[in-house]
Amino acid sequence: MTKPETVIREDIRSLRAYHVAPADGLLKLDAMESPYAMPEQLTDQWLRALRDTALNRYPDASMAECSSRLAKQLNLSDQYDVLWGNGSDELIQILIQSIASNDAVVMSPTPSFVMYQVVSLWNRVQHVGIDLDENFDIDIPAWRDAIATHQPAIIFLAQPNNPTGNLFSETAVEQIIEMAPGLVVLDEAYLAYSSRDHQSYLDRYKNVVVMRTLSKEGFAGIRLGYLIAHSSWVTEFNKLRMPYNVNSLTQTTAALVLNHLSEISERAELIVEERGRLTKQLSQLGLITYPSEANFIVAKSAYLGADVVEAMKTRGVLIKSLCGSHPLLTHCVRITVSSKDDNDIMLEALEASLDALKQN
Ligand SMILES: *Cc1c(COP(=O)(O)O)cnc(C)c1O
């Protein structure tokens, strides 16, 4: 009998599938989900729209309705197009596939979003990671050397960055774009919580595309991401998009959501307020916190690590340990900012867990 080891690539066999921590019965604060889903006043309208969605038909392959609503909301001029993905993860896959060849390089800061690295490996593209400095900002001399050496076809900059939560200094981002011989992808997964929007970079730079997602704003379950770029880029990427990659239920839901973005962003403001409060509370518990422009906070202390995450789990709360993922993140945890009630439960579990560990 033919076995996987005789067929599947060695580098694929040595991988481990993306691990999602079991969260049954836990308050889930490990994955930057929003506590708010569909606004209540839209629920009836949404259910009616779902009832009218023809499941026996293939989805609209061109996503005309979503595209025109988004273009209107973002004031996009004709020279730009939108590429839709089954989450922005799928867009990362399309982007990397489009440049995959023996000598192509993808570059991103480290630590940053792991999919840039993982998808590169799947496609046998070399990924070069450039370490952030101790403030989690860009080390420009290191980038200058690395860009000159490796000539990356694509550079991914998550702004704000995951898992560190910060925006890089704007001049550093601009310098990277100006030095880049290829495409620079500005990944704005956390735009709703950020003080900087890079859409205007599209007008300033021909080698920039902007990628976004609805996942961190209350719609992780529908899996919808999009990329805005000059039409000439979208024309090429579209050739690698699976036909019907965004299903009808998602399209129906998104068409409604895209008409009510102001209600959605009001909820983001609540999270931003809570982020401020939580940051203060975490400092009062003796933790170091890092400035965040996203819906999560990175906290550090000698007592933090995998054991505190385990101790919190026994108290019903799931957060993420960053220990071991990168030297800059030793003794760090990442906590999703949620509603006030959720955050209070989290703080109580954290305080109790820290007390218990300090006594040992
Ligand atoms: C969560 C996240 C994504 C992926 O989002 P999906 O649309 O859910 O696939 C992309 N980039 C960054 C930086 C993220 O944190």
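In each ligand, atom 1 is the first atom listed, and ligand 1 is the first ligand listed. In this chain, residues are counted from 1 in sequence order.
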Task: Proximity of Tyr193 and Tyr190 rings by center, below 6.0 Å - done: no

Open item on the list: Between Phe136 and Tyr290, is the ring centroid distance below 6.0 Å?
Closed with: yes

Task: Heavy-atom donor-acceptor pair, Arg196 side chain to Leu167 backbone, under 3.5 Å - done: no

- [ ] Would you indicate which of Ser88, Ala31, Ala189, Gly225 comes nearest to atom 5 (O) of ligand 1 when only heavy atoms are counted?
- [x] Ser88

- [ ] Give the residue and atom name of whichever protein heavy atom lies nearest to atom 1 (C) of ligand 1, and the separation in Å to one decimal.
- [x] Lys216 NZ, 1.5 Å

TODO: Give the residue, atom name and distance (to 0.1 Å) of the protein heavy atom nearest atom 15 (O) of ligand 1.
DONE: Tyr190 OH, 2.7 Å

Open item on the list: Using the rule that Ile, Leu, Val, Met, Phe, Trp and Tyr join whenever any side-chain heavy atoms are under 4.5 Å apart, tell me whether Val184 and Tyr226 fall into a single cluster.
Closed with: yes

Task: atom 12 (C) of ligand 1 [closest protein heavy-atom partner, distance rounded to 0.1 Å] - done: Asp187 OD2, 3.4 Å

Task: Per atom 7 (O) of ligand 1, closest listed option by heavy atom (Asn86, Thr213, Asn161) - done: Thr213

Open item on the list: Counting only heavy atoms closer than 4.0 Å, does ligand 1 sit against the backbone of Asn162, its side chain, both, or neither?
Closed with: side chain

Task: Residues Arg315 and Ser353: side-chain donor-acceptor under 3.5 angstrom - done: yes

Task: Which segment of Met211 sits under 4.0 Å of ligand 1 when only heavy atoms are counted - done: neither

Open item on the list: Quick check on contacts: which atoms of ligand 1 are under 4.0 angstrom from a heavy atom of Asp89?
Closed with: 4 (C), 9 (O)

Task: Per-atom contacts, ligand 1 versus Ser215 - under 4.0 Å to a heavy atom - done: 6 (P), 7 (O), 8 (O)

Task: Polar side-chain atom of Arg241 near backbone of Gly85 as donor-acceptor pair, under 3.5 Å - done: no

- [ ] May I ask you to decide if Gly225's main-chain N or O and Asp89's side chain share a donor-acceptor pair within less than 3.5 Å?
- [x] no

Open item on the list: Counting only heavy atoms closer than 4.0 Å, does ligand 1 sit against the backbone of Met32, its side chain, both, or neither?
Closed with: neither

Open item on the list: Any nitrogen or oxygen of Tyr116 lying under 3.5 Å from a nitrogen or oxygen in ligand 1? Just yes or no.
Closed with: no

Open item on the list: For the residue pair Thr164 / Asn166, report whether a side-chain donor-acceptor contact shorter than 3.5 Å exists.
Closed with: yes

Open item on the list: Quick check on contacts: which atoms of ligand 1 are under 4.0 angstrom from a heavy atom of Arg223?
Closed with: 6 (P), 7 (O), 8 (O), 9 (O)

